[in-house]
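Shown next, in structure tokens, is the structure this report addresses.
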Amino acid sequence: MTRNMTKGTIISHILLYSLPMLAGNLFTQLYNAADCMIVGSINGKEALAAIGAAGPVMNILLFFIIGISMGSSILMSNHYGAGRLDHLKQQLLTSLLGSMIFTVIIGIITFIFCPLFLRWIKTPEQVIPQAAAYLKIIMFGLLFSCICQILSAGFRAVGNSRLPFYALLISTFVNIGLDVLLVGLFKMGVKGAAAATVVSQAVSAFICISYLYWKEPVLHFTRKELKMDAALFKVTLQFSSVPAIQQTILYGGRILVQAVVNSLGVDAVAAFNVTSIIDNYVLEPGNSLAASLTVFTAQNDGAGKKERIRTGLFITLLTGSAISILTALLVYHNCELLIGLFLPRKDLSVVKLGCRYLKVISYGYILTTFCNSFQGLFRGLGLLKITLIATIIQIPIRIAVSWFLAGTLGISGISVGMIAGWIFMIAYEGIMIKSSLNCRKQAAAYISV
């Protein structure tokens, strides 16, 4: 089912489009959460720390792919809004094949060098064997993740956010079931959790491919059409490179922050892993609203309807702020209960560290609404350099503050560093908002090719 956002009620388009995406993103987070909850409760804090240490390495690869899919989605949304359906299909195929080639290359490199990467980020030595084993198995599923990301970008570009949600819903239950079987029954530990993730990603990819062929005629392609357009591939690289670099920088910064946490010991690594999962759940409503705003903006920009874009931004900020305030209160007053879902009661030191982190970071959750909404607007307008610069500004600040305060405040210093980065990011993006809404989209030169 497609959705044309250039007509009709703005708030209904943004909210109805974002809800399936939100549900899908929450189930995406459940992949890692299920691994951590089951592995942590059965195998203890060292196994939980291993998954946490592997996370940044895995995510920097995955989010480079997501960066490419974000750029492609903007191009595809603009083609769809302007009625250029042939260009839309060519864009999808070119993005898919190019991303698959890249994924295979980085997967092989990571498989070979993952112990070295883990040592670079100061992973505790007793955790490295389990973390490396987890990463090596995950690499076998990276290609499935790539297929899901690009096809989901295509579905969302034409206004269909439901199919990615259904695919994630089914694959998440597959993942949880296999976690229980492989980790709980067969005692495979982190290897079982990784294998469960790979199988569930393969299921998701199969669902996306099947739906595209049977239910989405706008995106359907034949074997003869499955080829890369050289000129379009160059345009795709030019346009997608900015969000891809942005995502890589973002998670490169996360790796450096993880290195700070790793230096604080196994308890801090385990606590940071759990609190990061909780953070991800809290931030997903804002992420989904921002992603909805991106597609809404791209379609309306393609149709030349600037005033609808301004109204869409206001609605997104208002809705996101209300949600972030509510979730911040819930996390602040229930941190022990939330962290206790991932660990046995005996690990009280980890629970206390996690609560210290969450009680500080909850004060900054509302800032993420503005960060994400502004990012969504700029992406939809094709002003990706602004989003890149904003990320470049916040990451060094986040890292510097975290390194400076970790020695005195411990894990709470990491929270302060996160908040400081968000503040500087909003300051820069706020300055750029007015001029951006009145300027021509930088992507126009690319899209017209």
Side-chain angles (χ1 to χ4, degrees), residues 1-3 16-39 51 55 58-59 61-63 65-66 69-70 73 92 95-96 99-100 103 134 137-186 188 190-221 277 280-281 284-285 287-288 291-292 295 341:
M1 184 187 75
T2 59
R3 177 183 292 274
L16 292 177
Y17 183 83
S18 66
L19 287 176
M21 190 179 300
L22 170 61
N25 288 342
L26 292 176
F27 276 104
T28 298
Q29 298 300 332
L30 193 56
Y31 267 87
N32 190 36
D35 289 349
C36 292
M37 291 176 72
I38 295 172
V39 170
I51 295 178
M58 178 177 64
N59 286 338
L61 304 178
L62 181 59
F63 280 90
I65 298 170
I66 291 175
S69 73
M70 287 169 58
S73 180
L92 174 66
S95 301
L96 179 63
S99 298
M100 289 174 67
T103 299
Y134 182 83
I137 295 173
I138 287 293
M139 289 304 102
F140 286 101
L142 200 61
L143 188 62
F144 298 127
S145 296
C146 171
I147 294 171
C148 291
Q149 288 294 332
I150 299 300
L151 293 185
S152 294
F155 292 132
R156 289 169 180 147
V158 299
N160 184 353
S161 59
R162 293 184 181 180
L163 186 277
F165 162 65
Y166 293 141
L168 283 168
L169 177 65
I170 295 171
S171 62
T172 298
F173 283 117
V174 171
N175 184 52
I176 294 173
L178 289 174
D179 272 337
V180 173
L181 180 66
L182 299 178
V183 180
L185 184 61
F186 292 108
M188 293 177 63
V190 296
K191 293 181 180 179
T197 299
V198 170
V199 173
S200 61
Q201 288 169 343
V203 169
S204 183
F206 175 78
I207 293 171
C208 288
I209 293 170
S210 300
Y211 187 91
L212 183 144
Y213 270 94
W214 293 102
K215 295 291 185 179
E216 199 65 81
V218 175
L219 300 175
H220 181 272
F221 57 88
I277 294 170
N280 289 338
Y281 273 102
E284 279 305 336
N287 292 337
S288 299
S292 181
V295 175
L341 296 173

At their closest point, which heavy atom of [X] faces which heavy atom of [Y], and how far apart are they?
X      : Y      : answer
Gly192 : Asp179 : O-OD1, 4.3 Å
Leu151 : Leu96  : CD2-CD2, 4.4 Å
Ala195 : Leu182 : CB-CD1, 4.0 Å
Ser292 : Ser18  : CB-CB, 3.7 Å
Val39  : Ala193 : CG2-CB, 3.8 Å
Ile38  : Ile176 : CD1-O, 4.3 Å

Find the distance between [atom1] ([X]) and [atom2] ([Y]) and round it off to the nearest 0.5 Å.
X      : Y      : atom1 : atom2 : answer
Ser171 : Leu168 : OG    : CG    : 5.0 Å
Ile170 : Ile207 : CD1   : CD1   : 4.0 Å
Phe144 : Thr197 : CZ    : OG1   : 13.0 Å
Leu185 : Leu178 : CG    : CG    : 12.0 Å
Cys148 : Leu143 : SG    : CG    : 10.0 Å
Leu163 : Lys215 : CG    : NZ    : 11.0 Å

Is [X] reaching over with its side chain to a backbone N or O of [Y], donor-acceptor style, under 3.5 angstrom?
X      : Y      : value
Tyr17  : Arg156 : yes
Ser152 : Gln149 : no
Ser204 : Ser200 : no

Report yes if some heavy atom in the side chain of [X] is under 4.5 Å from a heavy atom in the side chain of [Y]; otherwise report no.
X      : Y      : result
Leu92  : Ile150 : yes
Ser99  : Ser69  : no
Lys191 : Tyr134 : no
Ile277 : Cys36  : yes

(message) Please determine whether the number of non-hydrogen atoms from other residues, nucleotides or ligands lying under 6.0 Å from atom CZ of Phe206 exceeds 12.
(response)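 Atom CZ in Phe206 is not crowded, with 12 or fewer foreign heavy atoms closer than 6.0 Å.
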(message) Could you check, using the six-membered ring where one of them is a Trp, whether Phe155 and Tyr211 have ring centers closer than 6.0 angstrom?
(response)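 Ring centres of Tyr211 and Phe155 closer than 6.0 Å.
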